[in-house]
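This report refers to the structure that appears directly beneath it.
Both backbone and side-chain heavy atoms feed into the values below; hydrogens, waters and symmetry mates do not. Numbering of residues begins at 1 and proceeds along the displayed sequence.
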Amino acid sequence: MDFTYSPAENEFRLELRAWLADALPKGWGETVFEPEDERERAMFRLDWERKLHAGGWSGINWAREYGGRGASLIERGIFAEEMARARAPEGINIIGHNLAGTTILAHGTEAQKKRFLPEIISSREVWCQGFSEPNAGSDLASVRTRAELKGDRFIVNGQKIWTSYAQYAQWCFALVRTDPDVAKHKGLSFLLIDMRSPGITIRPLRQISGECEFNETFFDNVEVPAENIVGDLNGGWKIAMTTLTYERGPEDALGRQVRFKQELDKLMLTLARTMQGRRAAIDNPAIRQRLARAITELEIVRLNALRSFSRILEGGDRGSDASMTKLYWSHAAQNMYEVAMDALGPLAPLSGQDPAAAALGRFQLSWLQSKAFTIYSGSSEIQRNIIGERVLGLPR
Ligand SMILES: Cc1cc2nc3c(=O)[nH]c(=O)nc-3n(C[C@H](O)[C@H](O)[C@H](O)COP(=O)(O)OP(=O)(O)OC[C@H]3O[C@@H](n4cnc5c(N)ncnc54)[C@H](O)[C@@H]3O)c2cc1C
């Protein structure tokens, strides 16, 4: 594996770094943070995504004819690293950019590309993902939300759950059952549904972190034009698998490891300033041992992601490494936040106006949020099954 970047790639990095330094508020990530209120924060993130687009930094690896920057896969990785390095806000239209857009690019008709991609890339339209249902999560092929083709439209009835950002979304891509009488993988279709259609009800769900990122979404005789199908009728499983490999890809892991390393640095600084008896918490040998392990694991996340980049560049498919990458980063990050909680002990639940206390409170919030890492985008047990069966070739 060659770790050196070409002059053009280095230039790309520096150009982006300079743009970010200019575009983000002064003191960003140090003294200036996102709004505390959840809705305000969502709107702030949306504004940020629109700013990225205006600056030419949206859809960077999409083809130029669809408004992208035509960047290479390596540049896409550099983009993820630099965004994380600058602690740039995460988007609320990430599902639009990373999943809806990439799936439509791969499988959409020309008319769908022309209709949807400009609105996604500019974040004029926000997307959500309607895959999971109360009885179909890991076993995604069991979805029961029914779509019946009547003339030139589908009539959709059923319920989705854990639909992140549905409350902000104008569009949803959904896996729906179009034929209930065949083997379950073979009766599914992939539909693009306008969330402003009559018959859609969204009910927020509160998470352990106190936030309402995701929702229950109900469809009651919702009409969807027949041309909003991606791929063939009853051919939705193949399309959904493409979406999932983008959800678990190395670009995401590369950005995440930078953000987790920043958290780890902050933790070590906090522990150096936190006295336990007569010594700083960071001088406790048991804690040092676990911090060393966390540092090593995050470095492995980085190297794993780079290995995946290499494989894809050499013509390998995205699927085979995706599960290993996702499985490893999610556990590495959870371990790091466990160390934070154990090392901070009774100080961990503190939060408040004072910056030191606010930093402690953020670790607890991140620890709570990290519980979801090993569930979404396919739980760890499912990733292990995929690795066992498809990568190692073990019997089912
Ligand atoms: C923060 C967050 C955001 C999400 N956002 C979205 C979204 O926007 N859109 C969307 O569609 N979904 C979303 N999801 C849902 C997510 O994809 C599902 O939670 C996930 O696929 C697991 O499904 P489930 O919750 O139904 O659990 P289940 O499938 O019921 O699994 C329960 C437990 O059983 C285990 N298990 C299940 N089957 C097997 C098996 N065959 N072998 C071994 N163990 C097994 C699982 O690993 C898990 O531990 C989100 C989830 C979270 C946590």
Side-chain angles (χ1 to χ4, degrees), residues 3 13 17 20-21 24-34 36 77-78 80-90 208-211 250 252-306 325-374:
F3 284 97
R13 188 188 288 280
R17 203 175 276 186
L20 285 169
L24 286 165
K26 293 285 159 266
W28 181 254
E30 299 291 341
T31 50
V32 182
F33 300 99
E34 290 185 318
E36 289 285 327
I78 293 173
E81 278 182 341
E82 288 301 316
M83 289 281 284
R85 189 181 156 276
R87 300 188 171 90
E90 295 186 30
I208 192 175
S209 60
E211 297 159 311
D252 173 61
L254 211 51
R256 282 181 191 266
Q257 58 85 26
V258 175
R259 289 184 196 266
F260 293 141
K261 276 184 184 158
Q262 288 166 343
E263 292 273 277
L264 188 56
D265 286 345
K266 203 164 56 177
L267 174 63
M268 290 193 286
L269 200 64
T270 308
L271 293 177
R273 292 176 182 154
T274 305
M275 296 305 286
Q276 281 179 350
R278 282 197 293 181
R279 70 179 170 197
I282 201 163
D283 291 331
N284 175 339
I287 292 176
R288 292 177 81 78
Q289 184 77 16
R290 291 178 64 194
L291 288 171
R293 187 185 169 112
I295 295 168
T296 313
E297 286 182 344
L298 290 182
E299 185 58 11
I300 294 173
V301 173
R302 187 176 80 88
L303 295 172
N304 256 334
L306 292 176
T325 304
K326 199 277 162 163
L327 180 67
Y328 198 85
W329 77 248
S330 56
H331 285 275
Q334 278 186 348
N335 287 344
M336 180 190 60
Y337 289 118
E338 287 294 334
V339 181
M341 288 299 97
D342 291 347
L344 292 168
L347 293 175
L350 291 183
S351 67
Q353 296 305 316
D354 153 40
L360 294 175
R362 278 207 187 89
F363 284 120
Q364 174 164 277
L365 180 64
S366 302
W367 173 70
L368 290 171
Q369 289 168 336
S370 76
K371 299 290 168 198
F373 294 168
T374 47

**Asked** For F373, does its backbone N or O pair with a side-chain atom of K326 as donor and acceptor, under 3.5 Å?
**Response** yes
**Asked** Is R362 salt-bridged to E263, going by a charged N under 4.0 Å from an acidic O?
**Response** no
**Separation of D265 CG from I295 CD1 (nearest 0.5 Å)** = 8.0 Å
**Complete:** When rounded to the nearest 0.5 Å, the distance separating CH2 of W367 from CD1 of I208 is 6.5 Å
**Request:** Output, in order, the C-alpha distance, side-chain angles, deciding distance and verdict of salt bridge (charged side-chain N to carboxylate O under 4.0 Å, His left out) for R290 and E338.
**Result:** CA-CA 10 Å; R290 291 178 64 194; E338 287 294 334; 5.5 Å; no
**Prompt:** Q276 versus I287: any side-chain heavy-atom pair under 4.5 Å?
**Reply:** yes
**Request:** With rounding to the nearest 0.5 Å, note down the distance linking NZ in K371 to CD in Q334.
**Result:** 6.0 Å
**Asked** Does the side chain of L365 reach to within under 4.5 Å of the side chain of Q369, using non-hydrogen atoms?
**Response** yes
**Complete:** With sequence neighbours left out, the residues meeting salt bridge (Lys or Arg N to Asp or Glu O under 4.0 Å) with R17 are E82
**Message:** Let me confirm one number: the CG-CG distance from L271 to L291, rounded to the nearest 0.5 Å.
**Reply:** 6.0 Å
**Item:** Any E34 side-chain heavy atom under 4.5 Å of W28 side chain
**Value:** yes
**Fill in**
Nearest heavy-atom contact between E299 and R302 is OE2-NH2, 2.8 Å
**Message:** Check this for me: does any side-chain nitrogen of one of K261 and E297 sit under 4.0 Å from a carboxylate oxygen of the other?
**Reply:** no
**Side chain to side chain, R259 and R256, heavy atoms closer than 4.5 Å** = no
**Prompt:** Angle class for the Y337/F260 ring planes (parallel below 30°, perpendicular above 60°, tilted otherwise)?
**Reply:** perpendicular
**Fill in**
To the nearest 0.5 Å, atom CG of L298 lies from atom CD of Q257 at 7.5 Å
**Item:** Side-chain donor or acceptor of Q364 paired with backbone N/O of M341 under 3.5 Å
**Value:** no
**Test salt bridge (Lys or Arg N to Asp or Glu O under 4.0 Å) applied to E30 - qualifying residues, sequence neighbours left out** = R87
**Minimum heavy-atom distance between P250 and A305, given as atom pair plus value** = CB-O, 3.7 Å
**Asked** Nearest 0.5 Å, what's the NE2-OG1 distance between H331 and T374?
**Response** 5.5 Å
**Residues which pass ring-ring contact (aromatic ring centres under 6.0 Å, His included) with Y328, listed by chain and number, not counting sequence neighbours** = none
**Asked** Can you name the nearest heavy-atom pair linking M336 to L267, along with the distance?
**Response** O-CD2, 4.4 Å
**Prompt:** Just wondering, do L20 and M83 contact through their side chains at under 4.5 Å, heavy atoms?
**Reply:** yes
**Prompt:** Shortest non-hydrogen contact from V301 to A332?
**Reply:** CG2-CB, 4.0 Å
